[in-house]
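Each remark here refers to the structure printed beneath this line.
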Protein chains: 2
Amino acid sequence: MTRASARSVPEATPLWLKLSSYLILTDEEKAYLSELERNILRQPPRSDLLQQGEKYRDVRVMREGWAIRHKALPDGRRQVVNFVLPGDIIGMYSTLFESADHSVTTLTAVEVACFPPDRIVELFRGFPRLAAALAWSGAREEAIVAERLLSLGRRTALERTAHLIVELLRRLTTVNMADNGHFTLPVTQEILADALGLSIVHINRTLRRLRDSGLIELNGQRITVNDVRQLASVGQFDELYLHLIRAPKRLERAFSGEERRPHAGGAGEGRRKM
Amino acid sequence: MTRASARSVPEATPLWLKLSSYLILTDEEKAYLSELERNILRQPPRSDLLQQGEKYRDVRVMREGWAIRHKALPDGRRQVVNFVLPGDIIGMYSTLFESADHSVTTLTAVEVACFPPDRIVELFRGFPRLAAALAWSGAREEAIVAERLLSLGRRTALERTAHLIVELLRRLTTVNMADNGHFTLPVTQEILADALGLSIVHINRTLRRLRDSGLIELNGQRITVNDVRQLASVGQFDELYLHLIRAPKRLERAFSGEERRPHAGGAGEGRRKM
DNA sequence: TTATGCCCTTAACCTATGTTGTAGCCGTAC
DNA sequence: GTACGGCTACAACATAGGTTAAGGGCATAA
């Protein structure tokens with residue numbers, strides 16, 4: 001196994017960092033990842049990275065900037081499903097799905113890496129640990145969407161809004177995009193409304209209430225959370241769903257277990273239990 | 001490669017069938033899957049398969065029956081995230097996540113298979129094609145949840161309800177649990193309300209409207225969809241998100257491509273390009 | 001400079017949906 | 001048989017959040 005080429009030390013990209021929190025990456029894996037991200041593309045704010053209905057093309061990895069994943073109804077009503085942050089993957093299952101059921105639109109200028117979907121297959125075949133880590137990150141995203149579903153279904157406007165702000169604060173903190181309770185939210189109130197299933201007027205009212213109660217401050221796109229604890233309590237925020245507790249390298253442990261290839265001989269006896 | 005043991009021809013389980021729609025399973029893979037499902041457990045209706053907050057234990061595969069995946073707020077408000085049908089997996093990422101952020105509760109008597117989470121790791125290591133297919137099915141689930149988010153955020157009560165009914169009809173049809181527009185929905189109106197983010201009273205009103213307009217019929221838990229087209233149009237249902245068009249064995253094709261192990265030597269040149 | 005467009009803000013009013021309360025049906029327990 | 005609990009049904013009323021309308025700030029363009 002050639003050590004990762006000394007002539008170009010792979011740099012730590014956001015994806016790399018994200019996966020690292022669950023695996024101690026080998027040099028070979030690091031090299032593979034940074035090679036994956038070699039083809040870099042820049043796009044301006046408010047441009048589409050993917051459009052609902054179009055055939056999937058490349059897989060993309062967000063390296064820098066913000067985007068939203070959203071779905072629209074034929075009559076124009078729109079729902080933001082999630083915010084796409086550095087390290088997140090767009091269209092990971094291009095190989096499998098025919099066409100996109102959602103759009104991805106940039107909020108800021110972004111930098112993304114592109115590669116053909118086949119490389120995901122290649123990765124599953126050659127780098128099972130990376131594959132598992134990617135599958136994990138997909139599951140985490142689902143958990144976030146499920147929590148948002150709980151918000152839209154069962155939380156009031158005030159609770160939802162508080163919850164989202166705390167969620168973003170937490171997520172941004174883990175990627176060093178927030179410090180000490182304040183961060184930049186490159187988002188109009190319309191987008192916020194579309195993320196929370198509210199009207200733009202009502203989002204405005206709700207933000208006002210949060211400001212009046214002193215929980216947050218807003219100037220322009222800069223938001224400051226004055227009292228995270230209380231805001232979290234207003235939003236009934238329980239960070240369980242973010243699965244941040246990087247379970248002490250569980251995947252690592254599991255993979256480094258005995259190297260036996262799993263048996264596969266049908267109704268084989270033995271080894272079962274627990 | 002030992003052929004799948006002749007002495008016990010593996011039976012086609014729902015999971016098996018599900019994955020088959022995206023891969024032509026090899027005998028070895030079939031054997032592995034059916035061995036995975038060897039340890040079978042039965043549970044009565046209205047019992048928990050998983051509880052929010054508890055440590056993950058076994059991975060479970062639904063073989064028969066219905067369940068719901070739901071999340072609750074501390075004050076008791078509850079949101080049903082999805083319906084769990086045969087072939088669906090519960091707690092697939094137990095290895096990675098510390099504790100469950102949702103509960104799973106049976107609606108009918110169910111039959112599930114259980115196995116320890118390590119076997120997922122084993123599977124990633126030894127059966128990349130199965131791993132990819134499982135990751136796919138996770139992505140599909142996310143797509144369903146995202147669509148439900150769109151419903152709760154932007155569809156009216158009538159639209160949501162219509163949409164859900166069509167969704168269930170479609171999903172059940174693919175697993176032969178519905179025929180010709182009617183199926184059994186083992187669900188109280190309370191559960192429906194929790195799935196759609198509505199009050200129980202309003203669900204009742206909404207079902208009445210659907211019945212009055214002749215789009216559906218209800219008797220007990222038996223539901224009949226009289227006019228799928230129109231119901232789908234009321235719900236602005238676009239089945240894109242279900243990703244049913246089993247893209248002509250795309251994964252199959254991708255995997256059966258050249259067998260080369262991916263290179264990994266860092267900034268290697270060449271081979272990049274489509 | 002004015003014009004234009006985008007966004008935020010607020011007020012007044014409206015409606016879809018929530019709440020409360022009552023009744024009836026049906027199956028099970030005893 | 002009666003009592004009970006779980007579920008459906010529906011009426012009357014309450015309200016969170018939607019809609020419409022209007023104005024203001026602040027860029028950028030000409």
Side-chain angles (χ1 to χ4, degrees), chain A residues 44-47 68 73 75-80 105 107-108 151-164 184-212 216-223 234-236, chain B residues 44-47 68 73 75-80 105-108 151-164 184-213 216-223 234-236:
Chain A
R46 317 224 137 210
S47 60
I68 47 176
L73 255 21
D75 63 11
R77 284 174 286 175
R78 189 176 74 145
Q79 178 65 42
V80 171
T105 304
L107 296 175
T108 65
S151 270
L152 296 216
R154 292 304 185 208
R155 280 192 257 247
T156 66
L158 189 71
E159 292 167 344
R160 274 179 231 188
T161 309
H163 190 276
L164 179 63
T184 299
L185 224 197
V187 129
T188 63
Q189 293 190 355
E190 184 180 7
I191 291 171
L192 231 39
D194 284 342
L196 294 172
L198 297 171
S199 69
I200 186 171
V201 174
H202 201 58
I203 262 292
N204 189 292
R205 288 197 270 253
T206 307
L207 288 175
R208 161 140 296 285
R209 283 180 65 190
L210 286 175
R211 267 185 286 147
D212 287 350
I216 64 170
E217 276 166 47
L218 291 170
N219 14 331
Q221 310 208 306
R222 198 81 192 152
I223 176 170
V234 168
Q236 307 199 259
Chain B
R46 318 226 137 207
S47 60
I68 46 174
L73 254 22
D75 62 12
R77 283 175 287 174
R78 189 176 74 146
Q79 178 64 43
V80 170
T105 304
T106 62
L107 295 175
T108 65
S151 270
L152 296 217
R154 293 304 185 208
R155 280 191 257 248
T156 66
L158 189 72
E159 292 167 344
R160 274 180 231 187
T161 309
H163 190 276
L164 179 63
T184 299
L185 224 197
V187 129
T188 63
Q189 293 190 354
E190 182 180 10
I191 289 170
L192 230 40
D194 284 341
L196 294 172
L198 297 170
S199 69
I200 188 171
V201 174
H202 201 58
I203 263 292
N204 189 292
R205 288 198 268 254
T206 306
L207 288 175
R208 161 140 296 284
R209 283 180 64 191
L210 287 174
R211 267 185 288 145
D212 287 351
S213 63
I216 64 171
E217 276 167 47
L218 290 170
N219 13 329
Q221 311 207 306
R222 199 79 193 153
I223 176 170
V234 168
Q236 308 200 255

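In what follows, chains carry the letters A, B, and so on, assigned in the order in which the sequence lines appear, proteins first and then strands, with residues in each chain numbered from 1. All figures in this text were calculated on a predicted structure; none of them were measured in a lab.
- At distances below 3.5 Å, at least one donor-acceptor pair connects side-chain atoms of B/Arg155 with backbone N or O atoms of B/Gln236.
- In this structure, CD of A/Gln221 is placed 14 Å from C1' of D/dC26, rounded to the nearest angstrom.
- When each of B/Thr206, B/Asn204, B/Asp212 is checked for a side chain to side chain donor-acceptor pair (under 3.5 Å) with B/Arg208, only B/Asp212 meets the rule.
- From one end of the helix from C/dT1-D/dA30 to C/dC30-D/dG1 to the other, with five pairs defining each end axis, the axis direction shifts by 30° (rounded to 10°).
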Inset, instruction - May I have the step-by-step check of side-chain contact (heavy atoms from CB on, under 4.5 Å) for B/Leu192 and B/Thr161, ending in yes or no? - result: CA-CA 9 Å; B/Leu192 230 40; B/Thr161 309; 5.7 Å; no
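- For D/dA9, the OP1/OP2 oxygens have a side-chain nitrogen or oxygen of B/Arg211 closer than 4.0 Å.
- To the nearest angstrom, P of D/dC7 lies 7 Å from CD of B/Glu190.
- Rounded to whole angstrom, the span from the CZ atom of B/Arg46 across to the P atom of D/dG5 amounts to 17 Å.
- For the pair B/Arg154 CZ and D/dG17 C1', the computed distance is 11 Å after rounding to whole Å.
- Comparing D/dT19, D/dG17, D/dT8 against the side chain of A/Ser199 picks out D/dT19 as the nearest.
- Regarding A/Leu196, its CG atom lies at a distance of 15 Å from the C1' atom of D/dG18, rounded to whole Å.
- For B/Gln189 and D/dA9, the shortest distance from a side-chain N or O to OP1 or OP2 is below 4.0 Å.
- No side-chain heavy atom of B/Arg78 sits less than 4.5 Å from a side-chain heavy atom of B/Leu73.
- As judged by a 4.0 angstrom heavy-atom cut-off over every strand, A/Arg208 is placed among residues touching the sugar-phosphate backbone only.
- In this structure, NE2 of B/His202 is placed 15 Å from P of D/dA9, rounded to the nearest angstrom.
- Side-chain atoms of B/Thr108 do not come within 3.5 Å of backbone N or O of B/Pro45 as any donor-acceptor pair.
- Taking only side-chain atoms of B/Asn204, from C-beta outward, the nucleotide of D/dT20, D/dC10, D/dG18 with the closest atom is D/dC10.
- Taking atom CG on A/Leu198 and atom C1' on D/dG18, their separation rounds to 10 Å, with Å as the unit.
- Using a 4.0 Å heavy-atom criterion, one finds that A/Gly220 contacts no nucleic acid atom at all.
- The footprint of chain B on DNA chain C, defined by a heavy-atom cutoff below 4.0 Å, extends from C/dT17 to C/dT20.
- A/Ile200 comes within contact range of no nucleotide atom at all, as no heavy-atom separation falls under 4.0 Å.
- Distance B/Arg209 CZ to D/dT8 P: 20 Å, rounded to the nearest Å.
- With hydrogens and angles disregarded, no donor-acceptor distance shorter than 3.5 Å links the side chain of A/Arg160 to the backbone of A/Leu198.
- Under a 3.5 Å cut-off, the side chain of B/Thr184 and the backbone N or O of B/Gln221 do not form any donor-acceptor pair.
- At least one donor-acceptor pair closer than 3.5 Å links the side chain of A/Gln79 to the backbone N or O of A/Ala195.
- With sequence neighbours left out, the side chain to side chain donor-acceptor pair (under 3.5 Å) criterion links A/Arg209 to no other residue.
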Inset, instruction - List the steps and the verdict of side-chain contact (heavy atoms from CB on, under 4.5 Å) for B/Asp194 and A/Arg154. - result: CA-CA 8 Å; B/Asp194 284 341; A/Arg154 292 304 185 208; 2.8 Å; yes
